[in-house]
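Comments concern the structure below.
Computed from a prediction, not measured in an experiment: that's the story for all the values here. Protein chains get the first letters and strands the later ones, always in sequence-line order, with residue 1 at the start of each.
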Number of protein chains: 2
Amino acid sequence: MNIGQASRATGVSTKMIRYYESVGLIRPADRTDSNYRDFGDRDINELQFIRRARNLGFSVGEIGQLLALWRDRGRPSREVKAVAEKHVADLDARIAEMKSMADTLRHLAHCCAGDERPDCPILSDLSGTGTPGRQGADTNLRPRTTAAIDR
Amino acid sequence: MNIGQASRATGVSTKMIRYYESVGLIRPADRTDSNYRDFGDRDINELQFIRRARNLGFSVGEIGQLLALWRDRGRPSREVKAVAEKHVADLDARIAEMKSMADTLRHLAHCCAGDERPDCPILSDLSGTGTPGRQGADTNLRPRTTAAIDR
DNA sequence: CCTTGACCTTCCCATGATTGGAACCTTCAT
DNA sequence: ATGAAGGTTCCAATCATGGGAAGGTCAAGG
């Protein structure tokens with residue numbers, strides 16, 4: 001199986017397959033005489049594993065840990081669970097941050113007439129001149145870097 | 001006010017102030033004879049505006065739009081509201097993606113004994129061998145790039 | 001046999017927001 | 001005058017991903 005076939009079989013782009021190899025997430029694929037990468041069933045399984053883990057938002061580093069545990073037939077499930085729970089906590093924290101931002105903004109937008117007049121509580125809030133009793137945008141919440149979405 | 005004072009006054013790092021200038025978000029600051037940047041009240045206000053907008057998760061591009069509207073005393077609040085509502089929709093979409101990931105993973109972790117035994121529904125799911133009736137990790141959801149949190 | 005098109009290879013570049021550091025200059029207080 | 005603190009520019013790295021160039025390989029068909 002060359003890289004294009006492996007890509008189609010796993011839903012991982014050829015670019016990313018090469019990248020995962022370059023960062024050591026998967027071991028270097030075999031090569032044909034003409035220097036084409038040659039993937040076996042085992043590689044395909046690992047790429048599918050990677051894709052599923054990415055779909056759950058795991059970083060490449062975390063996937064490295066998960067792959068190592070997967071390959072280790074004697075791993076304690078405790079370790080896998082720890083990785084998963086830490087990631088869940090990360091996700092929950094980011095969700096909470098973004099929810100707080102969305103709620104604040106929803107409130108401001110709700111208070112904004114949204115017509116031809118220039119008065120705007122959203123801009124007032126951002127400029128610090130708006131109704132100071134409100135929650136305002138002056139929290140130190142910001143979203144956090146994560147990954148990208150499937151095409 | 002030099003850049004360090006401006007940074008302390010606004011909570012925007014000196015690095016980011018220079019960056020915002022370089023990308024045209026703020027206009028180039030005045031310079032002293034010794035080539036130090038010199039910020040006035042107006043610059044300070046804009047930097048605070050930017051920080052608040054970042055805290056609400058707006059991208060630099062969106063902040064550019066918001067700043068332009070802010071400077072335009074005759075803008076229709078409709079336009080501001082549109083920018084805000086689009087951003088809320090973006091946030092909500094990302095929240096939904098991440099919530100789906102977290103819920104899936106929470107379920108898997110809940111089903112995982114988390115002890116010394118190697119059997120693990122999390123790895124089973126990732127490897128595609130797990131109880132196929134389940135929601136599984138085979139959705140095409142992934143988080144999306146956003147910004148970072150305040151220091 | 002040779003061409004064509006589809007595929008592979010490596011290498012470099014760009015993204016977005018942010019931080020870190022090097023090399024060098026300025027200001028201020030001792 | 002000397003040193004610390006802080007300014008300046010420029011370059012690099014992060015993370016996961018895609019785009020593209022330049023060149024090698026392969027299979028089908030004329």
**Prompt:** With side chains defined as the heavy atoms from C-beta onward, is the minimum distance between Met16(B) and Arg54(B) less than 4.5 Å?
**Reply:** no

**Asked** Among residues 30-39 of chain B, which residues get a heavy atom nearer than 4.0 Å to DNA chain D?
**Response** Arg31(B), Asn35(B), Tyr36(B), Arg37(B)

**Message:** I'd like to check the side-chain contact (heavy atoms from CB on, under 4.5 Å) partners of Ala82(A); sequence neighbours left out, ordered by chain and number.
**Reply:** none

**Item:** ring-ring contact (aromatic ring centres under 6.0 Å, His included) contacts touching residues 67-97 of chain A (sequence neighbours left out)
**Value:** Phe49(A)-Trp70(A), Phe58(A)-His87(A)

**Request:** In whole angstrom, give the distance that lies between atom CZ of Arg51(A) and atom P of dA16(D).
**Result:** 17 Å

**Asked** When you measure from the side chain of Arg18(B), which nucleotide among dT18(C), dG20(D), dG7(D) comes out closest?
**Response** dG7(D)

**Request:** Output all residues satisfying side-chain contact (heavy atoms from CB on, under 4.5 Å) with Lys99(B), sequence neighbours left out; order by chain, then residue number.
**Result:** Ile95(A), Asp103(B)

**Item:** Selection from dT19(C), dT8(D), dT18(C) that lies nearest to any side-chain heavy atom of Tyr19(B)
**Value:** dT18(C)

**Prompt:** So how far off straight is the helix from dC1(C)-dG30(D) to dT30(C)-dA1(D), going by the axes through five pairs at either end, to 10°?
**Reply:** 30°

**Complete:** note: Ile17(B), atom CD1; dT19(C), atom C1'; distance rounded to Å ~ 15 Å

**Euclidean distance, atom CG of residue Asp90(B) to atom P of dG16(C) [Å, nearest integer]** = 14 Å

**Message:** Students often get this wrong, so: under 4.0 angstrom with heavy atoms, is Thr14(A) touching a base, only sugar-phosphate, or nothing?
**Reply:** nothing

**Separation of dT27(C) P from Ile3(B) CD1 (nearest whole Å)** = 16 Å

**Request:** Just compare dC8(C), dG19(D), dC10(D) and give me whichever is closest to any side-chain atom of Asn2(A).
**Result:** dC8(C)

**Request:** State, with a plain yes or no, whether a side-chain heavy atom of Gln5(A) is found less than 4.5 Å away from one of Arg8(A).
**Result:** yes

**Asked** So which nucleotide from dG7(D), dA16(D), dA17(C) ends up closest to the side chain of Val60(A)?
**Response** dA16(D)

**Prompt:** Heavy atoms under 4.0 Å, any strand shown: does Ser13(A) hit a base, just sugar-phosphate, or nothing?
**Reply:** sugar-phosphate

**Asked** Just how far, in rounded Å, is P of dA16(D) from CD of Glu21(A)?
**Response** 17 Å

**Request:** Can you sort out the partners of Glu116(B) under side-chain contact (heavy atoms from CB on, under 4.5 Å), two or more places apart, ordered by chain and number?
**Result:** Pro76(A), Arg78(A)

**Request:** With rounding to the nearest 0.5 Å, note down the distance linking OG in Ser124(A) to CG in Asp119(A).
**Result:** 8.0 Å

**Asked** Do any side-chain nitrogens or oxygens of Tyr20(B) fall under 4.0 Å of OP1 or OP2 in dT18(C)?
**Response** yes

**Prompt:** Is it the case that one hydrophobic cluster holds both Tyr36(B) and Tyr20(B), taking links as side-chain heavy atoms less than 4.5 Å apart, direct or via other members?
**Reply:** no

**Asked** Atom NZ of Lys15(B) to atom C1' of dT14(D): distance rounded to whole Å?
**Response** 14 Å

**Prompt:** Would you say Leu56(A) and Leu126(B) make side-chain contact, with heavy atoms under 4.5 Å?
**Reply:** yes

**Prompt:** Taking atom C1' of dG16(C) as reference, at what distance in whole Å does atom CZ of Arg54(B) sit?
**Reply:** 9 Å

